[in-house]
Amino acid sequence: MKKILVIGNGGREHSICDALARSPQEVKLYNFASAINPGIKNIGAEIITGDIMDMAAIKKIGEKIQPDFAIVGPDDPIGAGATDALAEVGIKSFSPSKACAQLEASKSFTRNLQEKYNIPGAPKFLVSTSADQVDERKYFFEKLEGQVVVKADGLLGGKGVLVAGDHFTDFQEAEGFALLSIKKFGRVVLEEKFVGEEFSLISLVDGETVLDTPAMQDHKRAFEGDTGPNTGGMGCISDENLSLPFITPEDKSAAHDITVQTMKALEAELGEKFIGVMYGGFIATKNGLKLIEYNARFGDPEALNILPILKTDFVDVCEKAIAGKLSEIGQLEFEPVATVVKYLCPEGYPTNSVKNVPITVSPDLQETYSQRVFYASVSEENGQLLLKGSRAIGVLGTGKNIAEANDNCKAMMQNFSGPLFSRQDIGTAELIQKRLDHMAEIRNN
Ligand code: AMP
Ligand code: GLY
């Protein structure tokens, strides 16, 4: 019997636990969680609640349970050193160390790494460390005719990036945010704004080998037609060829190469191997493929698209990665289906969510291979499911193409009622055509 500790309790961690529990090996799951996730509970995991940012608590739990390995789900505990805390008590993780996780936590670290090791896909960029360097920032801004992105150099809960046109229009506004980042983190990154279609490519790595999962597209804006404030992700799609209709095989292989080179550069720079998930945010532009950013963990909702269709034993993948033997897996095998995931969110999300309000689940709800449900920001109290304010329930539909996957997702959503909304446009032919037209325009100009 293998004991596995999973830290975190969102939709992503529910899908991680689900993938581990599907292993043909005998598995006992432990979940260290800020709150009980009803889905993780239903899988039969033993749940320990507490503060997942408390490194001393993580060590104690590791020592007590003595798991065969651990997976730290969210960026915050990874960035705070949860993997290192577990290593101190002899527990290995399929998650990167704090040093390796700078790849996500520090925008300047990643851009400097790209430059130092000549990794393709970098923007023109400027790292600025002092409030006094205003002339340098102004020069950079004007040279790029204001088409820049300003990135705070630390984790700001998804609010650390301002994009020209979306969030500011002139230098003064950009400068205001740059100064804020310098004050808080000692640095700010200004970089060239790319124009194109974004996609996520998540790879499982052991420092030597990079195994890709399907390319996907997340939808960050809260409302239809990509409007409204940014969110953690309202929904995500992948098509039946395990890619996307609007990106080319060359885009996907260029993204793979950037991840391979970045993984190797990390070891050269830090003297240790990255083990875990390298989640690249890429953008196909008229000048080829570019890197927007890396995350050092599974995406949420992206994990809900890929883990349920993974046919390779996920427990084996994690263990081989930890042992530096991922090459023995060869390739990850996925069901050849399209996936559409959408989050049901509380009304008012993300700025003014209704909270602690019950939702009703149909007694007829039945999960099948093509229709799955993952629980996120909900709690079970006195037999009722209550909304806790953030993305509530992730619904996955799979199918022979995106249209069928979308139909399956929509049908499954009918089982939930209450003050909820989701983005109807994700996965529709109209929105995909818009992406195709956008890419055709970019590639032909
Ligand atoms: P991040 O917080 O790094 O995920 O950035 C949030 C969003 O900002 C990304 O998903 C992109 O839409 C946008 N973004 C970041 N960097 C760039 C860039 N260099 N060019 C265009 N958009 C960007
Ligand atoms: N879906 C975006 C993220 O996980 O960061």
Side-chain angles (χ1 to χ4, degrees), residues 8 10-13 15-16 73-76 78-79 101 103-111 114 121-126 140-141 144 146-168 174 177 181 185 188-202 213 215-222 226 229-238 277-287 289-307 341-343 345 350 374 376 390-391 394 423 426 435 438 442:
R12 166 182 45 216
E13 288 75 27
S15 73
I16 290 172
D75 40 331
D76 284 338
I78 294 175
L103 192 63
E104 170 164 5
S106 167
K107 311 283 186 193
S108 65
F109 174 83
T110 302
R111 291 308 187 199
Q114 268 191 300
K124 296 188 184 79
F125 73 98
L126 171 76
F140 183 86
F141 188 92
L144 289 173
Q147 293 308 299
V148 306
V149 178
V150 186
K151 296 188 168 181
D153 203 34
L155 298 173
L156 268 186
K159 295 196 166 52
V161 175
L162 297 198
V163 180
D166 285 349
H167 307 105
F168 62 85
F177 186 65
S181 171
F185 302 111
V188 67
V189 180
L190 268 62
E191 63 183 45
E192 173 187 359
K193 176 183 170 180
F194 296 127
V195 178
E197 277 301 324
E198 287 182 48
F199 66 92
S200 310
L201 182 66
I202 290 184
T213 71
M216 293 168 275
Q217 190 176 53
D218 186 17
H219 298 69
K220 288 214 165 82
R221 299 300 194 102
D226 298 318
N230 269 332
T231 68
M234 295 297 290
C236 186
I237 62 168
S238 66
V277 178
M278 286 178 67
Y279 156 4
F282 296 96
I283 183 165
T285 76
K286 75 174 188 319
N287 299 317
L289 191 85
K290 306 291 179 187
L291 175 74
I292 297 264
E293 60 161 357
Y294 271 110
N295 296 314
R297 52 171 172 86
F298 281 109
D300 189 351
E302 283 91 335
L304 284 55
N305 295 73
I306 51 178
L307 288 174
V341 171
K342 296 189 205 191
Y343 260 114
C345 300
F374 295 95
S390 194
R391 295 175 297 174
R423 266 186 62 174
I426 295 171
R435 308 287 195 239
H438 185 208
I442 284 167

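None of these values were measured; they are calculated from a predicted model. Order of appearance sets the numbers: ligands from 1, and atoms from 1 within every ligand.
- Ligand-side atoms of ligand 1 in range of Lys151: 15 (C), 16 (N), range being under 4.0 angstrom from any heavy atom.
- Per-residue contacts place Gly299 under 4.0 angstrom from the following atoms of ligand 2 (heavy atoms of the residue considered): 4 (O).
- Less than 4.0 angstrom separates some heavy atom of Asp218 from each of these atoms of ligand 2: 1 (N), 2 (C).
- Residues Ile202 and Met278 form no side-chain contact, since every pair of their non-hydrogen atoms from C-beta on lies 4.5 Å or further apart.
- Heavy-atom minimum distance, Leu304 versus Tyr343: CD2-OH, 3.9 Å.
- No side-chain N or O of Ser181 forms a donor-acceptor pair with one of Asp153 less than 3.5 Å apart.
- When each atom of ligand 1 is checked for a heavy atom of Lys193 under 4.0 Å away, the hits are 20 (N), 21 (C).
- Contact annotation for Arg297 and ligand 2: only side-chain heavy atoms (C-beta onward) come within less than 4.0 Å of the ligand.
- Around atom 15 (C) of ligand 1, the closest heavy atom drawn from Asn295, Asp166, Ile292 belongs to Ile292.
- Val163 CG2, 3.9 Å is the protein heavy atom nearest to atom 13 (C) of ligand 1.
- Lys151 and Glu191 are joined by a salt bridge, as a carboxylate oxygen and a charged side-chain nitrogen come within less than 4.0 angstrom of each other.
- Polar contact with ligand 2: present for Asp300 (N/O pair, distance under 3.5 Å).
- Comment: Asp166 engages Arg221 in a salt bridge, judged by a side-chain N to carboxylate O separation of less than 4.0 angstrom.
- Side-chain contact between Pro123 and Gln114: present, with at least one pair of heavy atoms (C-beta onward) separated by less than 4.5 Å.
- The side chain of Glu302, and not its backbone, has at least one atom closer than 4.0 Å to an atom of ligand 2 (non-hydrogen atoms only; side chain from C-beta on).
- For Gly233, the closest heavy-atom approach to ligand 2 does not fall below 4.0 Å.
- Looking only at distances, a side-chain donor or acceptor of Glu104 sits under 3.5 Å from a matching main-chain atom of Ala296.
- Under a 3.5 Å cut-off, the side chain of Asp75 and the backbone N or O of Asn295 do not form any donor-acceptor pair.
- Of all protein heavy atoms, the one lying nearest to atom 20 (N) of ligand 1 is Phe194 N, 2.8 Å.
- In this structure, Leu126 and Val189 have side chains that are not in contact, with every pair of non-hydrogen atoms separated by 4.5 Å or more.
- Annotation: atom 1 (P) of ligand 1 to nearest protein heavy atom, Glu293 OE1, 3.2 Å.
- Arg12 places a side-chain N or O within 3.5 Å of a backbone atom of Phe298 that can act as its donor or acceptor partner.
- Nearest heavy-atom pair, Asn305 versus Cys236, reported as atom, atom and distance to 0.1 Å: ND2-O, 2.8 Å.
- Heavy atoms of Lys290 stay at 4.0 angstrom or farther from ligand 1.
- Within ligand 1, counting atoms from 1 as listed, the ones closer than 4.0 Å to a heavy atom of Glu198 are 9 (C), 10 (O), 11 (C), 12 (O).
- Set against the non-hydrogen atoms of Glu192, the atoms of ligand 1 under 4.0 Å away are 18 (C), 19 (N), 20 (N).
- Taking CZ from Phe140 and CD from Glu192, the interatomic distance works out to 7.5 Å, rounded to the nearest 0.5 Å.
- Those atoms of ligand 1 that come under 4.0 Å of a heavy atom in Lys220, given as number and element, are 10 (O).
- Protein heavy atom at the shortest distance from atom 8 (O) of ligand 1 is Val161 CG1, 3.5 Å.
- With a 4.0 Å cut-off on non-hydrogen atoms, Tyr279 touches ligand 2 through its side chain and not its backbone.
- Of all atoms in ligand 1, numbered sequentially from 1 with element shown, those under 4.0 Å from a heavy atom of Lys107 are 1 (P), 2 (O), 3 (O).
- Given atom 18 (C) of ligand 1, the protein heavy atom at minimum distance is Val149 CG2, 3.6 Å.
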